[in-house]
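Below, read A as the first sequence line, B as the second, and so on, with proteins coming before strands; counting in each chain starts at 1. Only this structure's heavy atoms are used, side chains among them; waters, hydrogens and symmetry mates stay out. Because the structure is a prediction, the values reported are computed rather than measured.
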Amino acid sequence: MKLKSIYILFFFLPIFSCKKDNYAAPSSTLKGRILYNNEEIGLEYDRVPLELYQPGFGKKGAIAASFAQDGSYSALLFDGNYKLIIPNGQGPFKWHQNAAGVNDTLTVAVNGSQTLDLQAVPYYLIRNTVYKAVGTELTATFRVDQIITGNDAKKIERVNLYVNKTQFVSGSDNIAGKELSGGAITDPTALSLKVSVPVIVPVQNYVFARIGVKIEGVEDMVFSPLQKIQL
Amino acid sequence: MKKIYTVLTFAALLLTGACKKDSAFLDVPPKQIIPEELAFSDPALVLSVLGDLYNRQLDFSSLDGDGWRSFVDFSEAFPSENGSYNIVQRTGWGYGEWGTWDYGYIRDLNLFVKRATAATKLTEVDKARFIAEARFLRANFYFEMAKRMGGVPLIIEPMQYDYSGNVTNLQVPRSKESEVYDFVISEAEAIKNILPVDANQKSRASKGAALAMEARAALYAGSIAKYGSKTPQVTLPGAEVGIPVGMASGYYQKALTAAEEIIKGQAGSYQLYKVLPDLSENFAAVFLDKSSVNQESIFIEDFKVNSAKVHGFTTNNQPFSISDEGLDAGRLNPSLNLVQAFEKLDNTYAPIATKDAQGNPIFYTNQLDAFAGRDARLAGTVLLPNGAFKGKNVDIWAGYQLADGSILTSDDAGHLAKLPGTDVAVQVVGKDGPVNGQEFRSQTGFYIRKYLDPQVGSGRRGRQSDVAFIRYRYAEVLLNAAEAAFELAMGGVADGYINQVRARAGLTRAIHGVTFNQIVHERRVELVFEGHTLFDMKRWRLAHVVWDGSKMTVDQLVSDIGLSTKKNTQPYGLWPYKYYNPGNPNHGKWLFKEVLPSVVTGANMFQMGNYYSTIGNDILSANPKIVKQPNQ
């Protein structure tokens, strides 16, 4: 039997096309969390951005990332020197600022995967959160501590308890919520909010809850750590 | 012999052909390009160049192409098309949304001004008018850019690269936001007396158009100065974004002066359209009537059937049951949020009554009764259940409400069902919806009426429609004057202007001592679906308040109507049901329910970074003098 040359070509085709013709994909993971003295700063999912710049490659553009609910972030990068910023006016916290009052830049050298925790000072933190479920009534007791005082202090606009059936819990993702306006707070160290959890379809015997504080003149809310609650 | 003859002929031809000079052979004027000197030698040719520049104007909303989608956002309406549900499912807007940076257009306008100025064969009158028109378009486009981007580089001469390898002389930093508005105002002042004073000149720039643009621009600048102080985080240190509060009254004064110039008739005989006795029909006709009777529209984007410039707004949004084009219909569904905002005739705000004080449903004999006694603009803007279009009534009802409290309905008007105690299957849902998730039919219970063309065949894809899009009209000039006067503490003047607009809509009880809430409300109901919503909310710095990202309950929906800070994050619907209970006095009557269409899962969230659209990284890299927007 005579082998047609076309079949011989087909035989070689997969071998030659296996050769890589491109750069390797970025493989170093830069990850970490945004913390205040190793305490979690809770955020709304995908609301607070951070930007990484790698200078020296001609055009200028950010590698954009954003923080998850628990303040964690991650970016897949090439090895090299990067500059990390959090854009002005983002986040319920104060980032290091330079003399001109502009958010400072953090230089990051990426060489293999690494963890880099960022330190920031939130305006408020929600602490000692205790949830208690009686039937479908969910009560949260907690305290709101002011971290930034003095000239930069800002008032509480409102405090919200949000409940959702998934672990994404915020002002835009919730099935129930309760609001307490800042003016109605007498003792921020002993607060409580109560919400009745609506019927969930399909039936689910647990919910997720978080408490958020909206600060006057700051767009992003600061949240307490996420809690799964058995009903 | 014959052979020799042929050879000789060829030889002779060869000689004659080769006699032509090289230059005569090679220098052939191009046939598809009109050279500059020629183009600017004849007014008709200049006008065609200018026509292209007119065509490239930027509008937030437009009727052609996918323009219907530009009306849908901001919870004023619901998109009933499977591919467009993301508008009501997203939880906010990207920072780049609405952005523009079309310096190619600016360059073409600058080149036009330069070339027209240099032209020698045009009459001075023609030349002056052409240049003034281009300057109008340029100022208007800078205004459109300023609304979206804040201060932008002001380039008013065509730039030339000198091939030196150095481009720093071409890199222009952003001007202050106030400087862009100052430019728009000063250009309008400079050209207004060159442009024709003619109320019938609507699709080319006129004195009225220049003044209307000036009034609107000055009003925007004034309110950004005044209300921008509420959001100090939306500013830049170099004032590329943000206008100092001290400049507010100066701008308001300019807005009032420019608007009053139109009102006093110095730009032509503009007036409110008051032709038809039925006030709702009359309001709808403002947008349909293109004859010289319509002295309200000042500057329009015109269309013409049987030409290349037509639009499919009616095709896209006509009622499904009255569609000229089978399945092409019903995309734009106004929301209950908007419908209930139209006042009652005694100047009070009230939701559409669905329940009495005891919580029992209210029954109506006719569906339209639920909307009776309201601002005539409601029925002129929105096609209500059982409302008429092209001589037919729309068929909007969500099902039968049975005596036992259950609902009998189906997923399509063609799917019949049997009523209790009967044997014959009947239609149990309207041909125009509402059924959740059923596209091209109303899912809120309402259709759009503004711009909907009643001409025969207007809904066909082949013919389409030529209803004009009005960019500037007299009613807005009056509202601009009223707002400027209000901000200048000239309450009596403001009352006078706003009451003219309201009286035309049947609200004959005059307002005394107009408030900010009333101005916000009046602009919403008069100018909805005309491309004002976003920019009004931005300049009053109300956008982050009304679109705060939290979901709405029915209680929140029906309360605080008429308040400027009222939340408006999700488009609700109002679904009519037919009551079925033979023997009961209410049998066959209608009741209504507030419904959030099930497709709506998101809630509008306007962030501080949305106030001014992102400037792209390509622009920032190409010109390091450009500063970034705040909060981004």
Chemist: Do you know which of A/Ser170, A/Ser172, A/Gly177 has the most heavy-atom pairs under 4.5 Å to chain B?
Modeler: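 Ranked by contacts with chain B, first place is A/Ser172.
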
Chemist: Counting only non-hydrogen atoms closer than 4.5 Å, does B/Gln607 touch chain A with its backbone (N, CA, C, O), its side chain (CB onward), both, or neither?
Modeler: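 Both backbone and side chain.
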
Chemist: Quick one: which of B/Glu177, B/Lys538, B/Arg148, B/Gln629 gives a side-chain hydrogen bond (donor to acceptor under 3.5 Å, both in side chains) with B/Tyr612?
Modeler: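 Result: among B/Glu177, B/Lys538, B/Arg148, B/Gln629, B/Glu177 is the only option passing the side-chain hydrogen bond (donor to acceptor under 3.5 Å, both in side chains) with B/Tyr612.
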
Chemist: Which bit of B/Met605 comes within less than 4.5 Å of chain A, counting heavy atoms only: side chain, backbone, both or neither?
Modeler: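 For B/Met605, the contact with chain A is made by the side chain alone.
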
Chemist: Side chain, backbone, both or neither: which part of A/Asn160 has an atom under 4.5 Å from a heavy atom of chain B?
Modeler: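 For A/Asn160, there is no contact with chain B at all, as no heavy atom is under 4.5 Å.
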
Chemist: Contact part of B/Lys628 toward chain A, heavy-atom cut-off under 4.5 Å: side chain, backbone, both or neither?
Modeler: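 The side chain, not the backbone.
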
Chemist: Is the positively charged end of A/Lys228 above the ring of A/Tyr206, judged by distance under 6.0 angstrom from the centroid and angle within 45° of the axis?
Modeler: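 A/Lys228 over A/Tyr206 ring: yes.
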
Chemist: Is the gap between the ring centers of B/Trp93 and B/Phe74 under 6.0 Å?
Modeler: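 Centroid distance B/Trp93-B/Phe74: below 6.0 Å, so yes.
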
Chemist: Which residue in the set B/Thr601, B/Asp73, B/Asn604 passes side-chain hydrogen bond (donor to acceptor under 3.5 Å, both in side chains) when paired with B/Arg90?
Modeler: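 Option passing the side-chain hydrogen bond (donor to acceptor under 3.5 Å, both in side chains) with B/Arg90: B/Asp73.
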
Chemist: With a 4.5 Å limit on heavy-atom distance, are the side chains of A/Gln69 and A/Leu43 in contact?
Modeler: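 No, side chains not in contact.
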
